[in-house]
Amino acid sequence: MRESMSKFFSEKFSSLTPYTPGEQPKERKYVKLNTNELPFAPHPSVLAAVQGEAGKLQLYSDPENSRLIEMAAKTWGVKKTQLVATNGSDEILQFAFMAFCDKDHPIVFPDISYGFYEVFAQLHGIPYEKIPLREDFSVDYRDYVGVGKNVVIANPNAPTGLCLSVAEVEEIVKSNPDNVVVIDEAYVDFGGESCVPLIDKYDNLLVTQTFSKSRGLAGARLGLGFACEALIADIQTIRYSTNPYNVNRMTEAAGVAALEESDYFVNNVKSIMETRAYVKETLESWGFTVLDSKTNFLFAKTDEIDGGELYLKLKERGVLVRHFTGERIKQFNRITIGSKEEMDIFLTAVKDILKEKKS
Ligand code: PMP
C-alpha cells in the first residue's frame with residue numbers, strides 16, 4: 001500500500017503500482033538518451049500548422065480527427081474505418097485492454113517488455129501472465145501460438161530492440177482466432193516489419209503505432225490504431241465513453257503536417273539507423289554485448305562495469321540513459337540513439353568511465 005494514499009482512494013486501486021516514466025530532470029541540462037525521443041526538432045511546417053491552430057483554441061477539436069484520419073489512411077493505404085487516433089499510443093493500448101480484456105478474457109505478454117502492459121492489466125483488474133523471453137532475449141513466437149488468451153507484444157520489443165517477423169506474428173494471430181492480438185509497433189519504422197497489411201486478413205489483430213518516436217512528436221501525444229472495422233468500432237465506443245476530444249487540435253494539425261513531410265521523416269529515420277550502427281560497432285569493439293536493435297535505442301552491457309554503476313557514472317557526467325533493475329536485465333542499459341554529436345559525447349563518457357575503472 002502507498003504511504004501517501006488518502007482515506008478516499010478506491011480500494012480497488014490500493015495495490016496498483018503505477019508506471020514509472022523515464023526521468024525528465026530539470027536541475028541541469030543532460031544529453032538525454034533515456035526516453036527514446038527523436039533528437040531532431042519538428043519540421044518548420046509542423047510548427048506553422050500548430051501555430052495556425054493555436055489561435056482557435058477556444059474551440060473544441062474535431063472528435064472524428066477527420067483531417068488526420070484521411071491523411072493517415074492515404075499514408076498507410078488503409079480505409080478510414082480501419083483507423084483510430086489517440087492521445088499517444090499509450091491511450092490506444094489502454095483502450096484495447098478496456099475493450100477486449102476482463103476477468104474471463106485474460107492477457108499474456110513477454111516478461112521483459114513495455115512496463116505499461118502490466119500497469120493496464122492491474123488498473124483494470126485483468127488477469128495476466130508474463131511469458132519469459134528466451135535466453136537470448138528474443139520472443140519465442142511458438143509460446144503464443146494457440147495460447148487461447150489475448151496477447152500484447154511490442155514488435156520490435158522494448159527494451160531489447162529485437163523483432164519478430166510478420167510471418168511469426170501471423171502464426172500467433174491465425175492460431176488464436178477467438179482472442180485479440182495487439183502488436184505494439186512504437187518502434188517499427190527503425191528497421192522492423194509492420195503487420196498493418198495483416199488487418200485486412202484477420203479480424204482479431206490490432207496494430208498500434210505512435211508519432212512519438214520516428215515522427216518526433218512525443219510532446220504532442222499522438223498514436224494510431226489499425227484494425228478491422230469491427231475492432232475499431234469497439235475502440236471508438238471506449239473512446240467516446242472516456243474522452244472524444246482525446247486528440248487536441250494542435251496535435252491533429254501537427255500530425256497531418258508531419259505525415260505530409262515524408263522526406264523529412266525518411267531522412268531522420270535513416271540518420272538514426274546510421275548512428276545506431278556506428279554506436280553499436282564502437283561499443284562492440286570495446287567488448288560490450290549489444291543486442292541487434294531494430295529501434296532507436298540500443299540495449300547493451302559489459303563485464304567491465306555493473307549496469308547500475310555505469311548508469312550513475314554517465315549521469316554524473318551529464319548523460320542520461322535508462323537502467324532497469326529487473327534481475328535478467330540489470331547489467332544492461334537502454335541507450336536512445338540521439339544525434340551523432342550526442343552519441344560522441346556518450347561514447348567519450350563511456351570510454352572515460354571504463355578507463356577510470358581500470359586504473
Ligand atoms: N509502446 C512502447 C513499446 C513504448 O516504448 C512506448 C513509449 N514509452 C509506447 C508504446 C507509448 O508511447 P506513446 O504513448 O508516446 O505513443
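In each ligand, atom 1 is the first atom listed, and ligand 1 is the first ligand listed.
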Side chain, backbone, both or neither: [X] near ligand 1, heavy atoms under 4.0 Å:
{"X": "Asp184", "result": "side chain"}
{"X": "Ser89", "result": "both"}
{"X": "Arg221", "result": "side chain"}
{"X": "Tyr187", "result": "side chain"}

So which heavy atom in the protein is nearest [atom], and how far is it from that ligand atom?
{"atom": "atom 11 (C) of ligand 1", "value": "Asp90 OD1, 3.1 Å"}
{"atom": "atom 8 (N) of ligand 1", "value": "Tyr114 OH, 3.2 Å"}
{"atom": "atom 16 (O) of ligand 1", "value": "Thr210 OG1, 2.5 Å"}
{"atom": "atom 15 (O) of ligand 1", "value": "Ser212 OG, 2.6 Å"}
{"atom": "atom 7 (C) of ligand 1", "value": "Lys213 NZ, 3.1 Å"}

Under 3.5 Å between some N or O of ligand 1 and some N or O of Tyr117? no

Should Tyr19 be counted as touching ligand 1, given the test is an N or O pair under 3.5 Å? no

Run the numbers for me: atoms of ligand 1, each under 4.0 Å from some heavy atom of Gly88, listed by number. 14 (O), 16 (O)

Inter-residue atom distance Leu310.CG - Ile353.CD1, 0.5 Å rounding: 5.5 Å

With rounding to the nearest 0.5 Å, note down the distance linking OG in Ser89 to OH in Tyr114. 6.5 Å

No-hydrogen, no-angle side-chain donor-acceptor test under 3.5 Å, [X] and [Y]:
{"X": "Asp200", "Y": "Gln82", "answer": "yes"}
{"X": "Thr302", "Y": "Glu304", "answer": "no"}
{"X": "Thr251", "Y": "Asn248", "answer": "yes"}

Would you say the side-chain atoms of Asp62 pair up with the backbone N or O of Ser66, donor to acceptor, closer than 3.5 Å? yes

Carboxylate-amine/guanidinium proximity below 4.0 Å for Arg67 and Glu252: no

Shortest non-hydrogen contact from Arg28 toward Lys315: NH1-O, 3.7 Å

